[in-house]
Amino acid sequence: GAVVSQHPSRVICKSGTSVKIECRSLDFQATTMFWYRQFPKQSLMLMATSNEGSKATYEQGVEKDKFLINHASLTLSTLTVTSAHPEDSSFYICSAIISGTVYGYTFGSGTRLTVV
Amino acid sequence: AQSVTQLDSQVPVFEEAPVELRCNYSSSVSVYLFWYVQYPNQGLQLLLKYLSGSTLVKGINGFEAEFNKSQTSFHLRKPSVHISDTAEYFCAACMDMGRRALTFGSGTRLQVQP
């Protein structure tokens, strides 16, 4: 089946540093990827939608300069949390629409970010 | 506003008992509906989805859901649960056919007890 590989699964970083999270589609081309953030015991909140080769579309309230999204190829999208602070600690999940489907979504396994 | 509501944050149930997890949506446009399961520190796994056709949808692991347009609901059911069904369940809807982003409910924690 269509798989999205998300790395790292866990990362601990110091406050003020930047962290990059990668999502790769392993056996399909992901023209559209979504980035979600999930707080403990809460739902997934859409942060942004990225389309290959174009700028990401951010949801209201999400800081573009803080959460940099790059979707430079059909198989790779990255989320960089810049100048991380403890309040950025969360579970981040990427999702892609499987090529050849209209509403076939696949999800990465998530990244647990802890900022200390 | 378009939204997805899961009325129960937690549902405790005994093993082999039936269970229903409730989901309601609010949308002024056509909607496609999904149920996902999430195990701790993992991504989401699709249980089932409704796009069109029969309103009763059968999914994996013995789960099924029924789309009820008049009640704007998409409740998930299983006739007999197992310990391994203990997880977080999310109802989601696609109400933006252009962007195709999913809107998620707040989740329901299903706790199956022996």
Side-chain angles (χ1 to χ4, degrees), chain A residues 1-11 21 23-26 30-51 54 56-60 62 69 90-99 101-114, chain B residues 1-11 21 23-25 29-53 57 59-60 67 74 87-111:
Chain A
V3 174
V4 170
S5 177
Q6 183 171 348
H7 292 281
S9 58
R10 289 178 179 270
V11 58
I21 301 170
C23 275
R24 293 182 182 272
S25 56
L26 298 185
T31 54
T32 301
M33 273 204 177
F34 306 97
W35 287 92
Y36 293 89
R37 181 174 182 177
Q38 185 180 29
F39 290 102
K41 300 185 186 297
Q42 294 189 30
S43 186
L44 284 75
M45 301 302 295
L46 181 66
M47 298 175 67
T49 303
S50 73
N51 291 295
S54 61
T57 302
Y58 290 81
E59 294 301 296
Q60 191 172 6
V62 177
I69 291 173
S90 191
F91 194 58
Y92 294 86
I93 302 177
C94 64
S95 174
I97 294 177
I98 303 167
S99 54
T101 73
V102 180
Y103 297 99
Y105 301 89
T106 184
F107 290 80
S109 54
T111 297
R112 172 74 59 193
L113 170 63
T114 303
Chain B
Q2 298 170 336
S3 63
V4 176
T5 301
Q6 290 180 247
L7 296 170
D8 306 301
S9 59
Q10 292 189 66
V11 173
L21 306 183
C23 173
N24 288 86
Y25 66 91
V29 298
S30 297
V31 60
Y32 298 148
L33 296 158
F34 306 77
W35 273 101
Y36 289 92
V37 60
Q38 184 182 37
Y39 298 99
N41 293 312
Q42 292 187 31
L44 277 68
Q45 180 183 6
L46 178 68
L47 288 175
L48 47 79
K49 62 183 175 184
Y50 171 77
L51 301 182
S52 64
V57 182
I60 63 171
F67 171 60
F74 190 55
E88 192 80 21
Y89 291 79
F90 290 98
C91 181
C94 179
M95 296 178 279
D96 182 342
M97 304 310 172
R99 205 156 47 104
R100 296 182 290 170
L102 292 177
T103 299
F104 285 86
S106 53
T108 297
R109 171 74 178 171
L110 176 62
Q111 183 70 46

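These numbers were taken from a predicted model, which means no experiment stands behind them. Lettering of chains follows the sequences in order, A, B, ..., and the numbering in each one begins at 1.
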Could you give the distance from [atom1] ([X]) to [atom2] ([Y]), rounded to the nearest 0.5 Å?
X	Y	atom1	atom2	answer
B:Arg100	A:Ile97	CZ	CD1	3.5 Å
A:Gln42	B:Phe104	CD	CZ	14.5 Å
A:Met45	B:Thr103	CE	OG1	8.5 Å

Does any backbone or side-chain atom of [X] lie under 4.5 Å from a heavy atom of chain B? Answer side chain, backbone, both or neither.
X	value
A:Gln6	neither
A:Thr32	side chain
A:Phe34	side chain

Option that, when pairs with chain B are counted at under 4.5 Å, heavy atom only, ranks first among A:Phe107, A:Tyr36, A:Tyr103: A:Tyr103

Top of A:Thr49, A:Thr57, A:Ile93, A:Thr106 for chain B proximity - count of heavy-atom pairs under 4.5 angstrom: A:Thr49

A:Tyr105 ring center within less than 6.0 Å of B:Tyr36 ring center: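 No; A:Tyr105 has its ring centre 6.0 Å or more from that of B:Tyr36.
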
More than 12 heavy atoms from other groups under 6.0 Å of CD on B:Gln111: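 Atom CD in B:Gln111 is crowded, with more than 12 foreign heavy atoms closer than 6.0 Å.
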
N/O donor-acceptor pair under 3.5 Å between A:Ser109 side chain and B:Gly43 backbone: no

Selection from B:Leu46, B:Leu102, B:Val4 maximising heavy-atom pairs under 4.5 Å formed with chain A: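 Highest number of pairs under 4.5 Å: B:Leu102.
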
Between B:Arg109, B:Lys49, B:Glu88, the one whose heavy-atom pairs under 4.5 Å with chain A are most numerous: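 Sorted descending by pairs with chain A, the first entry is B:Lys49.
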
Engaged part of B:Gln38 at the chain A interface, taking heavy atoms whose separation is under 4.5 Å: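 It is the side chain, since no backbone atom gets that close.
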
